[in-house]
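Index from 1, following the sequence.
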Amino acid sequence: MFRVGLRVAIFGVLLSAPWSMVNATEKTIEVAGVGAVNYVPDTFGFRVQLEARGKQVGLIKSQIAADSTKAIDALIGVGLAPNAIQALNIQFNPWIEYKREGNEHKGFILRREIKVSVDSLALYEKAIDTLLAHNINRLDGFNASSSNNVTDYQKALNQALLNAQQTAKNMAGTLGLEVKGVQNIIEQSSSPVKSGTRLLAQNMAESSFMPGVGKTEARVKVTFTLK
């Protein structure tokens, strides 16, 4: 039994050696590929932040609720659909002023964020002007994006793969080699990846916004085998 086992073990080593040698000598090249698709924004958004401070939580909570209703009613009043407005949960934090002689606890701070998203630039501008007229505390996060982001990303991903393939062919050809196949593909970006486009307000009171052009990008890393 001992001799048979020894022969089987030796035979297994002899079989595995050629396969290891083939893998070790196989030529490969690893390259990065990038792709991008430009788009004209058709979805526009911004954030409204409401804040109230005081010593009694109940009172400032009522104030936040009233301010939220006022803002939402104003947006609906200019033509926004209710599903274009998202009021987030109220954030609760202590109100502390830091001084040399010691920290002073002055009460509490409540904040609520409202997100707005519309598919019309004219309506977008009108919504901002309306909120400014209602003395909203903070208005920011202006952005523009595409409603076809998933499709745009797939196009960018295809471009990234073709870009990697062409780069590999160029590099291999310089060295007198040819691309034989693909050994491995790594998607380095996540769908969808966008370079954020910000709306520029030259004069917010006059609603002069410039959405510009956005870009959807994709990145890959591909390992090719050579011959």
Side-chain angles (χ1 to χ4, degrees), residues 39-147 149-150 189-217:
Y39 65 87
V40 176
D42 61 1
T43 302
F44 310 94
F46 62 87
R47 297 191 304 264
V48 180
Q49 188 177 89
L50 306 172
E51 180 181 298
R53 302 183 180 214
K55 294 184 178 297
Q56 299 183 32
V57 174
L59 290 178
I60 53 179
K61 186 177 180 181
S62 297
Q63 181 183 338
I64 283 285
D67 291 344
S68 299
T69 300
K70 183 180 178 181
I72 292 172
D73 288 345
L75 292 170
I76 293 176
V78 296
L80 269 72
N83 60 5
I85 307 165
Q86 182 184 12
L88 304 182
N89 293 333
I90 296 175
Q91 297 179 352
F92 177 88
N93 293 292
W95 179 14
I96 300 174
E97 288 194 358
Y98 300 95
K99 301 179 180 180
R100 286 185 178 181
E101 57 273 16
N103 300 336
E104 180 182 357
H105 187 279
K106 304 193 68 172
F108 304 94
I109 303 174
L110 269 64
R111 295 187 179 94
R112 164 172 273 177
E113 188 173 273
I114 298 175
K115 292 185 176 182
V116 177
S117 179
V118 295
D119 57 5
S120 165
L121 184 57
L123 190 57
Y124 178 86
E125 295 171 348
K126 189 181 294 185
I128 292 175
D129 288 342
T130 300
L131 290 176
L132 289 174
H134 282 77
N135 297 320
I136 296 300
N137 295 335
R138 184 175 175 182
L139 199 62
D140 59 14
F142 305 107
N143 66 84
S145 60
S146 169
S147 58
N149 52 2
V150 175
S189 52
S190 301
S191 175
V193 173
K194 288 187 175 297
S195 57
T197 48
R198 295 183 178 180
L199 289 176
L200 303 178
Q202 295 176 340
N203 188 330
M204 189 171 290
E206 297 178 1
S207 301
S208 52
F209 290 89
M210 301 172 61
V213 177
K215 182 185 293 184
T216 300
E217 299 177 339

Please report the closest heavy-atom contact between F46 and L75, naming both atoms and the distance. CZ-CD2, 4.5 Å

Write down the atom of I76, the atom of P82, and the distance for their closest heavy-atom approach. CD1-CG, 4.4 Å

Roughly how far, to the nearest 0.5 Å, is the CG atom of L110 from the CG atom of L50? 11.0 Å

Within this structure, what is the OG-CG distance for the pair S68 and L88, rounded to the nearest 0.5 Å? 10.0 Å

Interatomic spacing from CZ in R53 to NZ in K106 - rounded to 0.5 Å: 9.0 Å

Looking at every heavy atom in both A144 and P41, which two are closest together, and how far apart are they? CB-CB, 3.4 Å

Can you give me the closest heavy-atom contact between I72 and A87, atom names plus distance? CD1-CB, 4.3 Å

Any side-chain heavy atom of N93 within less than 4.5 Å of one from R111? yes

What heavy-atom pair brings I96 and H105 nearest, and what distance separates the two atoms? CG1-CD2, 4.0 Å

Between the CD atom in Q49 and the CG atom in D140, the distance rounded to the nearest 0.5 Å is 7.0 Å

Quick one: CG on L123 to OG1 on T130, what's the gap to the nearest 0.5 Å? 9.0 Å

Could you pull out the closest heavy-atom pair between V118 and A84, with the gap in Å? CG1-CB, 4.4 Å

Classify the angle between the aromatic ring planes of Y124 and F142 as parallel (below 30°), tilted (30 to 60°) or perpendicular (above 60°). perpendicular

Start with the C-alpha distance between I85 and I114, add both sets of side-chain angles, then the distance that settles side chain to side chain contact (heavy atoms under 4.5 Å, CB included), and finish with yes or no. CA-CA 7 Å; I85 307 165; I114 298 175; 3.6 Å; yes

With a 4.5 Å heavy-atom cut-off, do R138 and E51 have their side chains touching? no

Should we count CG of N89 as having more than 12 external heavy atoms under 6.0 Å? no

Enter the distance from I64:CD1 to S62:OG here, rounded to the nearest 0.5 Å. 10.5 Å

Side-chain heavy atoms of E217 within contact of S189, under 4.5 Å: no

